[in-house]
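I have placed the structure first, in the form of structure tokens, so that the comments after it can refer back to it.
The structure presented is a predicted model; accordingly, all values stated were derived computationally and were not measured. Residue numbers start from 1 in every chain, and the chains themselves are labelled A, B, ... in the order their sequence lines are given, proteins ahead of strands.
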Amino acid sequence: MPELPEVEVIARGLCTALAGRSIVSVEVPGLTRLSESADTLVPKVLGHTVGRVYRRAKVLLIEMADGLTLAFHLKMTGRVVHGEKRAAHKHDRIMFDLDDGSQLVFSDMRKFGYVRSFAPGELENWAFLQKAGPEPLETSPEDLADLIKGRKAAIKGLLLNQSVVVGVGNIYADECLFRAGIHPASRADRVSRAKRVKLFSELQAVLRQAISENGSSISDYVNADGDAGSFQNSFNVYGKKGQKCPTCKTSLEVAKVAGRTSTFCPKCQPKR
DNA sequence: CCAAGCACCTGACGGC
DNA sequence: TGCCGTCAGGTGCTTG
């Protein structure tokens, strides 16, 4: 999926494209899993005008002028694309026709993603957001470092844990651990505070750079205009098992950490 | 409380 | 070719 940078890029693109547009009709082709039935979702959104589009954690939020909010979680393969009205494609889940003739399409090959609606004021009561940790780009590296102080879990698992800090997935976890020189399986309580601060500084840098490069496209991700990102060209380690470390030329290795494939340099990211 | 493992889905790819 | 196992950007639930 789209991690924080990808959802942020989609949200920024949609905010410009959708603000002021109203929803004139909704199609639900091959529906499999909305969090509520199309019968109740569709009437709620018809006729509403988009106020703004933004992101919280990895969730894309389309807020209508009256406060009604649509929340999209893209999970692994979800896409939200705005463009000219077209016929439904194979994995399209819900299509919103807008008053200027354009169309917003949510598609999701693996069907893990979902769309749900919140009445004005209800969003803040959503359990998913209530248990979500802080935004990594709106919190100091020092404060983030202190959040995992003393934890015995693998540091990568904590990066991926959305109740610790939001927005980080497998790509950006591996990339910031490499930049900070920390082995993904290191217990957080065995990593010095200076190293932890370094880790979150690097996390911020990598997220900001990824946003500026339109996100990372492995196979599914495209932005709101349907275009791929380019940050995948800047990966140091993610998906590069067996290739040479860009710093020391050692062959990159993989390990399962917190259930996820983790690629790292055994020399630059020593386990201790 | 924490962490691990599996479940949810479809498709792509590599090995035989 | 085809079948089978493995893997994939995430999260939620169950189990220990």
Check the distance between [N]'s [atom2] and [X]'s [atom1] and give it to me in whole angstrom.
{"X": "Glu175(A)", "N": "dG9(C)", "atom1": "CD", "atom2": "P", "value": "13 Å"}
{"X": "Lys240(A)", "N": "dC7(C)", "atom1": "NZ", "atom2": "C1'", "value": "18 Å"}
{"X": "Asp189(A)", "N": "dC1(B)", "atom1": "CG", "atom2": "P", "value": "19 Å"}
{"X": "Arg187(A)", "N": "dA3(B)", "atom1": "CZ", "atom2": "P", "value": "10 Å"}
{"X": "Arg151(A)", "N": "dC1(B)", "atom1": "CZ", "atom2": "P", "value": "11 Å"}
{"X": "Tyr114(A)", "N": "dC9(B)", "atom1": "OH", "atom2": "C1'", "value": "16 Å"}
{"X": "Leu160(A)", "N": "dG10(C)", "atom1": "CG", "atom2": "C1'", "value": "9 Å"}
{"X": "Ile155(A)", "N": "dA3(B)", "atom1": "CD1", "atom2": "P", "value": "12 Å"}

If you check every side-chain atom of [X], which of [options] has the closest atom?
{"X": "His91(A)", "options": "dG10(C), dT10(B), dC2(B)", "value": "dT10(B)"}
{"X": "Phe128(A)", "options": "dT11(C), dT10(B), dG9(C)", "value": "dT11(C)"}
{"X": "Thr261(A)", "options": "dG11(B), dA3(B), dA8(C)", "value": "dA8(C)"}
{"X": "Arg110(A)", "options": "dA8(C), dG10(C), dG12(C)", "value": "dA8(C)"}
{"X": "Met76(A)", "options": "dG9(C), dT11(C), dC9(B)", "value": "dG9(C)"}

Give me the distance, rounded to whole Å, that separates [N] from [M] when you measure between the [atom1] atoms they each carry.
{"N": "dG11(B)", "M": "dT11(C)", "atom1": "P", "value": "22 Å"}
{"N": "dG5(B)", "M": "dC7(C)", "atom1": "P", "value": "14 Å"}
{"N": "dC6(B)", "M": "dG5(C)", "atom1": "P", "value": "16 Å"}

Heavy atoms only, 4.0 Å cut-off, all strands: where does [X] land among base, sugar-phosphate and nothing?
{"X": "Tyr238(A)", "answer": "sugar-phosphate"}
{"X": "Gly259(A)", "answer": "nothing"}
{"X": "Lys256(A)", "answer": "sugar-phosphate"}

- Message: Checking side-chain polar atoms at under 3.5 Å, does Thr261(A) have a donor or acceptor matched by the opposite partner on Lys256(A)?
- Response: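 On atom types as modelled, these side chains qualify, holding a pair under 3.5 Å.
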- Please round to the nearest 0.5 Å and tell me the distance separating atom OG1 of Thr263(A) and atom CG of Asp174(A).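 Here the rounded value is 5.0 Å.
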- Query: If you round to the nearest 0.5 Å, how far is CG of Leu60(A) from CD of Glu8(A)?
  - Reply: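 So the CD of Glu8(A) and the CG of Leu60(A) are separated by 10.0 Å.
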- Shared ILVMFWY cluster between Val166(A) and Ile148(A), side chains joined below 4.5 angstrom? no
- Note on the structure: Partner of dC9(B) under the Watson-Crick or G-U wobble criteria, both distances under 3.5 Å, comes out as none
- Item | For dC3(C), the Watson-Crick or wobble partner whose two distances fall under 3.5 Å | dG15(B)
- Message: Around atom NZ of Lys149(A), are there more than 12 heavy atoms from other residues, nucleotides or ligands closer than 6.0 Å?
- Response: no
- Message: Is it the case that over 12 heavy atoms from other parts of the model lie below 6.0 angstrom from the NZ atom of Lys267(A)?
- Response: no
Quick check on [N]: is either OP1 or OP2 less than 4.0 Å from any side-chain nitrogen or oxygen of [X]?
{"X": "Gln162(A)", "N": "dG10(C)", "value": "no"}
{"X": "Lys90(A)", "N": "dT10(B)", "value": "no"}
{"X": "Lys58(A)", "N": "dT11(C)", "value": "yes"}
{"X": "Lys152(A)", "N": "dC2(B)", "value": "no"}

- Backbone N/O of Ala180(A) and side chain of Glu202(A): donor-acceptor pair under 3.5 Å: no
- Query: With no angle test and no hydrogens, is the base of dG9(C) tied to the side chain of Ser219(A) by a donor-acceptor pair under 3.5 Å?
  - Reply: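 Side chain to base: pair present.
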- Has Phe112(A) got its ring stacked on the base of dC8(B), with centres under 5.5 Å and planes less than 30° apart? yes
